[in-house]
Chemist: 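Quick one: structure below, then a few questions.
Residue indices begin at 1 and follow the sequence shown. This structure is a prediction, so every number in the text was calculated from the model and none was measured.
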Amino acid sequence: MRKLFIALLIAFVFGACQTKKEVAVDVVVKDKTYEGAGFYLSKMDTVLQLNAEGKGSVILTVDEPQYAVFQYKWKNVPVYLEPGKNLSVTWDMTPSGLMVSFDGEGGVKNNFINGNELDIPKMGDFGLPEDEFLAKLDQYMEDNYKALESKGFDKTFVEKEKYRIRYDVNGIMWQYARSGNPSDEFYNKMKSMMEEQEWLLQLSGYTNYMQGVIEVLSNRGVDLVNTPDEEIVMNELNYVLQNIKDPKIKEYLVGSFAIDYIDREGISKADGVKKIFEETVTDPLIKQTFAKIYEEGTSITKGNKAPDFKYLDINGKEVKLSDLKGNLVYIDIWATWCGPCREEIPHLQKLEEAFKGTKVRFVSISTDKDKAKWEETVKGEKLGGIQLHTGGDEAFTSAFRVKGIPHFILIDPEGRILEANMSRPSESKTVEYLSMYAEPEE
């Protein structure tokens with residue numbers, strides 16, 4: 001489950017008349033090419049531009065001790081900032097590095113947060129029986145608390161860090177619940193940790209936990225494969241409205257679920273989502289984020305002309321979407337390394353067989369960086385349909401706001417969008433939907 005980071009922000013202002021306490025941060029990045037490094041706090045954000053040597057400095061306004069997120073390229077780490085305590089950050093992005101270290105007055109705590117002394121659940125824990133799984137989480141908590149308390153840190157940091165540890169460790173609970181059939185006691189334990197303190201929004205572990213648990217609780221007993229996405233997100237939003245009392249946390253969660261849904265699905269089936277968002281959210285910056293995503297979503301609304309593509313097929317022939325006009329076009333965006341993509345192939349082949357002799361065209365677009373691997377797979381496994389490779393051109397996938405694969409799209413015979421996020425071949429409703437529009441070959 002991919003989640004959007006909604007920053008509850010105000011403009012970051014550099015000024016000579018400084019009435020708030022500050023933290024000076026020096027950053028050194030070791031990388032081949034340099035981009036901006038971002039700091040995201042609960043009341044401000046800024047992007048620090050690095051010089052040709054990968055160095056930069058910034059003054060952050062910090063009223064009270066708080067957590068923030070430091071992001072560089074695809075990686076982000078938590079940082080703890082305290083008024084008047086300066087911080088130096090070294091971020092090694094070289095292949096042998098991929099690590100962050102801290103120095104200065106705030107260095108010790110941040111090295112602890114991002115070091116190896118704290119332990120979090122492993123993938124193998126998913127296979128444990130429920131009682132052993134819960135006992136394992138308790139053991140992680142106990143060990144981590146002991147490591148924290150042994151450092152002699154101040155009371156404020158220890159209390160806050162225990163919350164961060166708590167949600168980082170227990171963040172796996174909603175995933176465990178989704179993968180099995182846990183007891184009522186398990187669900188009750190998840191609910192018991194849904195605390196509502198506004199400062200907890202500083203913690204990514206907390207926001208991920210709240211969103212994940214709400215997804216599970218609001219859709220308990222729902223067939224997630226065959227239930228429309230708009231029904232699922234409405235369940236989540238209504239759960240927030242009925243159960244979350246703190247207005248800021250409610251706004252965050254409504255905004256997160258609404259923006260994530262529209263970012264994935266577009267706006268064609270978003271009237272209910274939009275209504276709840278507009279009735280609940282007053283924060284101007286969350287509203288601004290929603291408006292931007294909503295406007296972008298209009299481009300892939302049902303009935304709009306689909307953006308064209310121009311890719312080479314497995315034989316090196318150029319193929320454009322517009323070449324397929326007059327046919328219903330079912331598009332599969334995939335990659336050879338993607339397990340869920342590969343799982344859909346047998347189902348896709350059944351669809352291809354079922355719609356032989358009709359004006360339905362099946363187009364598979366590979367996003368593989370390793371083109372040779374794609375060619376080997378297509379030829380070796382004798383994959384059918386029209387097999388295309390993007391060649392690194394992401395214009396089509398970006399236009400459809402593809403955030404993950406496999407991703408399926410349905411285009412009508414006139415080149416208009418029928419479904420920007422079509423059901424998978426493995427879903428029974430797919431064959432039914434295609435049958436509604438399929439016409440026989442002349």
Side-chain angles (χ1 to χ4, degrees), residues 1-13 35-48 60-61 66-76 78 196 198-212 214-215 218 229-230 232-241 244 246-301 394 397-404 420-421:
M1 174 190 71
R2 185 195 62 83
K3 293 298 175 189
L4 264 157
F5 176 76
I6 303 173
L8 309 178
L9 310 171
I10 62 173
F12 178 75
V13 180
E35 300 178 6
F39 287 90
Y40 303 96
L41 288 76
S42 61
K43 294 184 180 180
M44 67 182 72
D45 73 331
T46 187
V47 175
L48 169 62
L60 300 175
T61 303
Q66 63 182 276
Y67 289 90
V69 174
F70 177 38
Q71 180 175 338
Y72 181 73
K73 291 188 174 178
W74 48 268
K75 186 175 175 63
N76 60 73
E196 296 185 36
E198 286 182 22
W199 80 267
L200 292 173
L201 291 171
Q202 299 170 11
L203 306 176
S204 61
Y206 172 76
T207 55
N208 289 337
Y209 180 86
M210 292 291 282
Q211 289 166 229
I214 289 169
E215 283 184 18
S218 63
D229 287 338
E230 63 269 23
I232 291 172
V233 74
M234 289 299 292
N235 290 343
E236 294 161 352
L237 289 169
N238 284 317
Y239 185 95
V240 173
L241 297 181
I244 302 301
D246 184 276
K248 286 296 183 184
I249 295 175
K250 181 181 292 187
E251 276 194 305
Y252 179 95
L253 291 168
V254 166
S256 181
F257 284 120
I259 291 171
D260 182 51
Y261 172 78
I262 290 173
D263 194 46
R264 293 191 329 267
E265 306 293 334
I267 65 169
S268 61
K269 299 176 182 177
D271 289 348
V273 173
K274 185 171 184 284
K275 183 175 185 294
I276 289 176
F277 180 90
E278 291 176 341
E279 291 175 350
T280 307
V281 178
T282 59
D283 185 280
L285 288 164
I286 300 180
K287 291 173 70 174
Q288 181 181 343
T289 302
F290 180 86
K292 179 176 182 294
I293 296 295
Y294 194 88
E295 182 179 357
E296 292 173 354
T298 60
S299 64
I300 54 173
T301 301
E394 299 179 352
T397 55
S398 295
F400 274 96
R401 308 187 62 77
V402 176
K403 305 299 181 182
N421 195 357

Chemist: Start with the C-alpha distance between Lys274 and Phe290, add both sets of side-chain angles, then the distance that settles side-chain contact (heavy atoms from CB on, under 4.5 Å), and finish with yes or no.
Modeler: CA-CA 9 Å; Lys274 185 171 184 284; Phe290 180 86; 4.2 Å; yes
Chemist: Roughly how far, to the nearest 0.5 Å, is the CG atom of Leu253 from the NZ atom of Lys248?
Modeler: 13.0 Å
Chemist: Could you go step by step and tell me if Val240 and Glu236 meet the side-chain contact (heavy atoms from CB on, under 4.5 Å) rule?
Modeler: CA-CA 6 Å; Val240 173; Glu236 294 161 352; 5.8 Å; no
Chemist: List the atom of Tyr206, the atom of Leu201, and the distance in Å for their closest heavy-atom pair.
Modeler: CD2-N, 4.0 Å
Chemist: Going by side-chain contact (heavy atoms from CB on, under 4.5 Å), name the residues that satisfy it together with Lys287, two or more places apart in sequence or in a different chain.
Modeler: Phe277, Val281
Chemist: Can you list the residues that meet the side-chain contact (heavy atoms from CB on, under 4.5 Å) rule with Glu394, with sequence neighbours excluded?
Modeler: Thr397, Ser398
Chemist: So which heavy atom on Met210 is nearest to which on Ile249, and how close?
Modeler: CE-CG2, 4.4 Å
Chemist: Quick one: does any side-chain atom of Asp263 pair with a main-chain N or O of Ile259 as donor and acceptor, under 3.5 Å?
Modeler: no
Chemist: Give, for atom OG1 of Thr298 and atom CD1 of Ile267, the distance between the pair rounded to the nearest 0.5 Å.
Modeler: 5.5 Å
Chemist: Any carboxylate oxygen within less than 4.0 angstrom of a Lys/Arg side-chain nitrogen, looking at Glu265 and Lys269?
Modeler: no
Chemist: For the atom pair NZ (Lys275) and CE (Met234), what is the distance rounded to the nearest 0.5 Å?
Modeler: 8.5 Å
Chemist: Of all heavy-atom pairs between Ser268 and Thr301, which one has the smallest distance, and what is that distance?
Modeler: CB-CG2, 4.1 Å
Chemist: Any luck finding a side-chain donor-acceptor pair between Thr280 and Glu251 under 3.5 Å?
Modeler: no
Chemist: Decide if atom CD of Glu295 counts as having more than 12 heavy atoms of other residues, nucleotides or ligands within a radius under 6.0 Å.
Modeler: no
Chemist: Looking at Arg264 and Asp260, does any basic side-chain N land under 4.0 Å from a carboxylate oxygen?
Modeler: yes
Chemist: Give me the atom names and distance for the closest heavy-atom approach of Ala270 to Ile262.
Modeler: CB-CG1, 4.0 Å
Chemist: Roughly how far, to the nearest 0.5 Å, is CG of Leu200 from CG of Asp246?
Modeler: 9.5 Å
Chemist: In chain order, what residues pass the side-chain contact (heavy atoms from CB on, under 4.5 Å) check against Asn76, with sequence neighbours excluded?
Modeler: Val69, Gln71
Chemist: Knowing that exactly one of Val233, Asp271, Leu241 qualifies, which makes a side-chain contact (heavy atoms from CB on, under 4.5 Å) with Ile276?
Modeler: Leu241
Chemist: If every non-hydrogen atom of Ser299 is compared with every non-hydrogen atom of Ala399, which pair is closest and at what distance?
Modeler: OG-O, 4.2 Å
Chemist: Go through the steps for Phe257 and Gln211 under the test side-chain contact (heavy atoms from CB on, under 4.5 Å), then give the verdict.
Modeler: CA-CA 8 Å; Phe257 284 120; Gln211 289 166 229; 4.1 Å; yes
Chemist: Under the side-chain contact (heavy atoms from CB on, under 4.5 Å) criterion, do Glu230 and Val273 qualify, and how do the steps go?
Modeler: CA-CA 8 Å; Glu230 63 269 23; Val273 173; 5.9 Å; no
